[in-house]
Asker: 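Mind looking over this structure? Questions follow.
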Amino acid sequence: MMSFVALNEEIQKCCKCRLCETRRNVLCGEGNLNAKLMLIAQAPGENEDREGKMFIGPSGKVLDDLLIMADIDRKEIYMTNLIKCMLPNYRKPKQDEIEICSRYLNEEIELINPKILIPLGYFASKYIFEKYALSLLSRTESHKVYGKLFWTKGRKILPLQHPAALLHNNPLQEEIIRNYCKMNVLLKDCKWYPVCPMRRFYEEGKLNQKWIELYCKGDWESCIRYQMEENGESHPDWMLPDGSVDERLHR
Ligand code: SF4
Ligand code: SF4
C-alpha cells in the first residue's frame, strides 16, 4: 500500500486520461484520515475546479447544511471523488475515465479504511456497488437504494443522493434529509444490544452476522424490534430485526 503523501503527489500530476486537458485543478481527497465516514462524490464542479477544494460551491453549502442537520462535523469525515478532475459541462463520466481514475479511490479506501462508505449519487454508487459485488438498479430506479444500508465483504455502504439534488425544489427533500441523518445513526450501536436476544443468538452461532452488522451495529433505527421496544409493544425473542419470525431460534 502506498503512503497518503505519495498517493496525493501522484494524483496531483496525473495526466492518465483526457480530463487533465480541461481541468484547472485536480482534486485529492480531503478530511480526517481516521474518519469513520467516507463520502464519495462523482467529480469536482466548476467552483471546486477553480479553487482546488472539495464541496465549496452551491452543492458544498447544501452539504454543510445536511451535515449540520445530521449532527456530523465536517472535520470528522473524509471526502473524495470518483473522478478527480472536472467533467467538462458537467457531462457524465465515461467508462474509461472511471476505470483509470478509480484506482486512486481504491487506494484511498485502503488507506482510510472507514467504517462506512457513502457514495453520493448514481455514478459513485454504481462504482462502489460493482466493486463490492452488489447489483445496483438502473439509473431511474437507483433512488430505491438511497438511505439503505448494505453490508458486503466486511464493508458497510450507505448510498445517498448527491447534495446537488437539493439545489432546486426537490419533492424528495424530506426523504433526502432523513437519509443524510442516517449517517449519525450508523456511528453508534443500538442501545439495546447488550440485552437483546439477537446478541445471544449471534454469540451462540445461531444467527447470521449480517443481522448484527445491518441493524444492531448499523441502522438500528430501522429495526422493527427496536421500534416495538420504543413503543412498549411486546414481541417474541425469536423475531428478527426485519420483523420476520425465525422459528428455528425458538427451538
Ligand atoms: S480524471 Fe483522474 S485519471 Fe484522469 S487525469 Fe484526472 S486524476 Fe488522472
Ligand atoms: S435486534 Fe434491533 S433492538 Fe435488538 S439490538 Fe439489534 S437493532 Fe437493537
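Each ligand, and each atom within it, is numbered from 1 in the order the structure gives.
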Asker: Considering only heavy atoms of Lys84, which atoms of ligand 1 have at least one such atom less than 4.0 Å away?
Answerer: 7 (S)
Asker: Testing Arg91, Lys84, Lys16, Lys92 for salt bridge (Lys or Arg N to Asp or Glu O under 4.0 Å) with Glu97, which one passes?
Answerer: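 When salt bridge (Lys or Arg N to Asp or Glu O under 4.0 Å) is applied between Glu97 and each of Arg91, Lys84, Lys16, Lys92, only Arg91 qualifies.
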Asker: Run the numbers for me: atoms of ligand 1, each under 4.0 Å from some heavy atom of Cys20, listed by number.
Answerer: 5 (S)
Asker: Mind telling me whether Phe55 and His162 have parallel, tilted or perpendicular rings, with 30° and 60° as the class edges?
Answerer: tilted
Asker: If you measure from the Lys or Arg side-chain nitrogens to the Asp or Glu carboxylate oxygens, is any gap between Glu229 and Arg225 under 4.0 Å?
Answerer: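 No, Glu229 and Arg225 are not salt-bridged.
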Asker: Side chain to side chain contact (heavy atoms under 4.5 Å, CB included) with Cys85: which of Asp49, Leu27, Leu19, Ile11?
Answerer: Leu19
Asker: Please write down residue, atom name and distance for the protein heavy atom closest to atom 6 (Fe) of ligand 1.
Answerer: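 Sorting protein heavy atoms by distance from atom 6 (Fe) of ligand 1 puts Cys85 SG, 2.3 Å first.
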Asker: Using modelled atom types and a 3.5 Å cut-off, is there a donor and acceptor pairing between side-chain atoms of Lys156 and backbone atoms of Lys217?
Answerer: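 Checked: pair present.
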Asker: At less than 4.0 angstrom from any non-hydrogen atom of Ile83, what atoms of ligand 1 do you find?
Answerer: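 Atoms satisfying the 4.0 Å criterion: 1 (S).
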Asker: Flag the pair Phe150 / Phe129 as yes when their ring centroid distance falls below 6.0 Å, and as no otherwise.
Answerer: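 Aromatic pair counts; centres sit under 6.0 Å.
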Asker: Of all the heavy atoms in Glu229, does at least one lie under 4.0 Å from an atom in ligand 2?
Answerer: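 Glu229: no contact with ligand 2 (<4.0 Å).
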Asker: Can you list the ligand 1 atoms lying under 4.0 Å from a non-hydrogen atom of Ile100?
Answerer: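 Going through ligand 1 atom by atom, the ones under 4.0 Å from Ile100 are 3 (S).
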Asker: When you measure from atom 1 (S) of ligand 2 to every protein heavy atom, which one gives the shortest distance, and what is it?
Answerer: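 Looking only at protein heavy atoms, the one closest to atom 1 (S) of ligand 2 is Met198 CG, 3.4 Å.
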Asker: Record the part of Arg23 in heavy-atom contact with ligand 1 below 4.0 Å; permitted values are side chain, backbone, both and neither.
Answerer: side chain
Asker: Around atom 8 (Fe) of ligand 1, find the nearest protein heavy atom and jot down its residue, atom name and distance.
Answerer: Cys14 SG, 2.3 Å
Asker: For atom 2 (Fe) of ligand 2, what's the nearest protein heavy-atom neighbour? Residue, atom name and distance, please.
Answerer: Cys223 SG, 2.4 Å
Asker: With a 3.5 Å cut-off and no angle check, do the side chains of Asn47 and Arg50 form a donor-acceptor pair?
Answerer: yes
Asker: Backbone N or O of Tyr202 within a donor-acceptor pair of the Trp211 side chain at under 3.5 Å?
Answerer: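 Between the backbone of Tyr202 and the side chain of Trp211 there is no qualifying donor-acceptor contact (under 3.5 Å).
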Asker: What protein heavy atom sits nearest atom 4 (Fe) of ligand 2, and how far away is it?
Answerer: Cys196 SG, 2.4 Å
